[in-house]
Number of protein chains: 2
Amino acid sequence: MTITQLQYVLAVAEHQNFTLAAQKSFVTQPTLSMQIQKLEDELEIQIFDRSKKPIQLTEIGKKIVEQARNIVNESGRMQDIVDQQKGFIGGEFKLGIIPTIMPTLLPMFLKTFIKKYPKVNLKIEELTTETIIKRLNEGHLDAAIAATPLGYEQIKERVLYYEPFVGYITENHRLYHKKELETSDLDIDDILLLEDGHCFRDGVINLCKTPRAITDDHFQLESGSFETLIKLSNEDLGMTLLPYLHTLDIKESERKYLRHFAEPRPAREVSLLFHKSELKMQIIEALRGVIMGIVRGAIAFHNVEIISPVQS
Amino acid sequence: MTITQLQYVLAVAEHQNFTLAAQKSFVTQPTLSMQIQKLEDELEIQIFDRSKKPIQLTEIGKKIVEQARNIVNESGRMQDIVDQQKGFIGGEFKLGIIPTIMPTLLPMFLKTFIKKYPKVNLKIEELTTETIIKRLNEGHLDAAIAATPLGYEQIKERVLYYEPFVGYITENHRLYHKKELETSDLDIDDILLLEDGHCFRDGVINLCKTPRAITDDHFQLESGSFETLIKLSNEDLGMTLLPYLHTLDIKESERKYLRHFAEPRPAREVSLLFHKSELKMQIIEALRGVIMGIVRGAIAFHNVEIISPVQS
DNA sequence: TAAAAACTATCAATAAAACTTATCATTATT
DNA sequence: AATAATGATAAGTTTTATTGATAGTTTTTA
């Protein structure tokens, strides 16, 4: 049994197709077929059920894949150990970010990060939370930034900051004349929300359970942009909640519609996610350090109470 | 990086000698040298400091070895997974047993075990607790039976049974005329004990802290046999404590010296030990099943209160 | 339903690697 | 200083992984 064979198995398990898996592994299809057969012969089991199309894992195959992933991960960590010892922070690093965090957070830390760690070859992708989890489990992402808590067994979460929501309320709304909002003011049917996991923290109001928040009788919204929400809100279709950082670049003419909350402020928890195998942990820690530093900076220059990073 | 290379590294780390490590790995010395160099080149670090004699691990080398052991263990588990799926219980299994448990316990379960699991090629070695821990960590033992608790980070313990101690008290001893002993009767300076970890359980009296129990002013004892203790006791050098199973084959003429304890009986905890990686877990479970069954049997045929297996 | 496409297995040839024997260089031991 | 022990190096051999070509299936398309 070789590590290479295990990598081939993982590739086939993932793509459910020998030819494609071979391409992704940068070998020809016969190479991959033969190596997998060799492994199957050695273990005296069938890993894949080739009669089904697309190819399926056998029962035992699923366990083999799980263990193979484990071994391949642990092998990958060998280089991590060396890097860590050398104090080397570098190499390819794939980071996923959800759409509602990407435009506000990324510009804040990217420049600082690539300047501080020039040897890291950062590859950033905008992905949904669902895709992020899948990619992290498959090892195609090294880390991700998303709204939490998610509570996946295989994924670790490190809170970066809590981002309060700010109400966006136009003239004709019943709450327009309130100076400060209370969580008790909120009527769930009256708020325009995005689909991804916004959690009002500490269980004040937990909106996690509404995967597609906007399911009014009249319309459904699947856009991922707060711009859309603002526009809809301007059309008097309801109030909306914007994460604080998004409110920083709202047009001057619309700022008058912003209403902050009184304590306890509803907020979304934004965390750095990574696989529990903790591969490339030095880079993850470096990234976390940079972002947390930036967040502390943001507090200094803006409203101290707006962004509250986790104590540590 | 290959699994074979990692195995070579482990061999050298263990034997501190390339030539010997090569022999143990069933390859020639140049093969091993070259493969290790290749790995060092690939990782761009030195794993071994060849200037020191015997060869030493570098700082980073120690971490590499730790991770290598991890990967090799996980690789070994692949066959376990297959075996488990097939319901196959077989292959080589190396079991260590401490000297004070070996003669009484082994005859009780060996026949049953090899009959029930004929495909297991059991290799049993009598070893000290210290050696057992070392071998389990190095992967040269699959499991062991010893007095517990030991509390090693890397080693898991599964209690097999609690074996009460029975006093052996000759005519001239002050306690000879007591029908039943109390733990409060015991005078630690007056008892002949073996060196290995006898623990009076539940903190009644904890003798774990006396690594070499017999350190009288007059003599020291390093024998590992209760026979010796009995003979010394017969010479009026003090009373002794014998594990219950050892009292079963004491000569008729000496049985009159045996004194059982009143509750709470001091006892030693006897456990099955194995590495936390849980390699060959099916065989370990099979072994545990057989021994626990035998212990239950012993209770049925002897004194129910003598051996109390852990509830489960 | 026949033809085309997609996909995996097999075979022979080749490139890469792991391994061996022989030998050298260096470091301990006598 | 001689000897033994030990690891590195070199050249040659064996083994293994990989490739390109192709055959055999199954699925998709026309």
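Being a predicted model, the structure only gives us computed values, none of them experimental. Each chain gets a letter, A, B and so on, in the order the sequences are listed, and its residues count up from 1.
Listed by residue number, A:Val27, A:Thr28, A:Pro30, A:Thr31, A:Met34, A:Gln35, A:Lys38 are the residues of residues 21-47 of chain A with a heavy-atom contact under 4.0 Å to DNA chain D.
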Where do N or O atoms of nucleotides 25-30 of chain C meet protein N or O atoms at under 3.5 Å, pair by pair?
none

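In this structure, the side-chain contact (heavy atoms from CB on, under 4.5 Å) partners of B:Lys156, at least two apart in sequence or on a different chain, are B:Phe274, B:Lys276, B:Glu278.
The side-chain heavy atoms of A:Lys63 and A:Glu59, taken from C-beta on, include no pair separated by under 4.5 Å.
When the C1' atom of C:dA17 is taken as reference, atom OH of B:Tyr8 falls 12 Å away, rounded to whole Å. Spacing between atom CD1 of A:Ile3 and atom P of C:dA18 amounts to 12 Å, rounded to whole angstrom units. Straight-line distance from the CD atom of A:Gln16 to the P atom of C:dA6: 18 Å, rounded to whole Å. Rounded to whole Å, atom C1' of C:dC7 lies 15 Å from atom CZ of A:Phe48. In this structure, the CZ atom of A:Phe18 is 11 Å from the P atom of C:dT10, given to the nearest Å. To the nearest angstrom, P of C:dA17 lies 11 Å from CD of B:Gln5. Atom CZ in B:Arg50 sits about 12 Å away from atom C1' in D:dT6, given to the nearest Å.
Dense packing is recorded around NZ of A:Lys86, with more than 12 heavy atoms of other residues, nucleotides or ligands lying under 6.0 Å away. The local environment of CD in B:Glu138 is crowded, with over 12 non-hydrogen atoms from other residues, nucleotides or ligands closer than 6.0 Å.
Counting all heavy atoms, side chain and backbone alike, B:Leu279 lies closest to B:Asp80 at C-OD2, 3.1 Å.
OP1 or OP2 of C:dT8 has at least one side-chain nitrogen or oxygen of A:Thr19 nearer than 4.0 Å. Between A:Asn17 and C:dA6, a side-chain N or O to OP1/OP2 separation shorter than 4.0 Å is absent.
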Requested in this report: Determine, step by step, whether A:Arg69 and A:Val72 satisfy the side chain to side chain contact (heavy atoms under 4.5 Å, CB included) criterion, reporting the C-alpha distance in whole Å, the side-chain angles of both residues, the deciding distance to 0.1 Å, and the verdict.
Outcome: CA-CA 5 Å; A:Arg69 187 162 291 151; A:Val72 170; 5.9 Å; no
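Using cut-offs of 30° and 60° on the angle between ring planes, the pair B:Phe113 and B:Tyr117 is tilted.
Side chain to side chain, A:Gln154 and A:Asn137 fail the donor-acceptor criterion of an N or O pair below 3.5 Å.
Look at A:Glu40 and A:Arg50 and you find a salt bridge, because one of the NZ, NE, NH1 or NH2 atoms lies within 4.0 Å of a carboxylate O, short of that distance.
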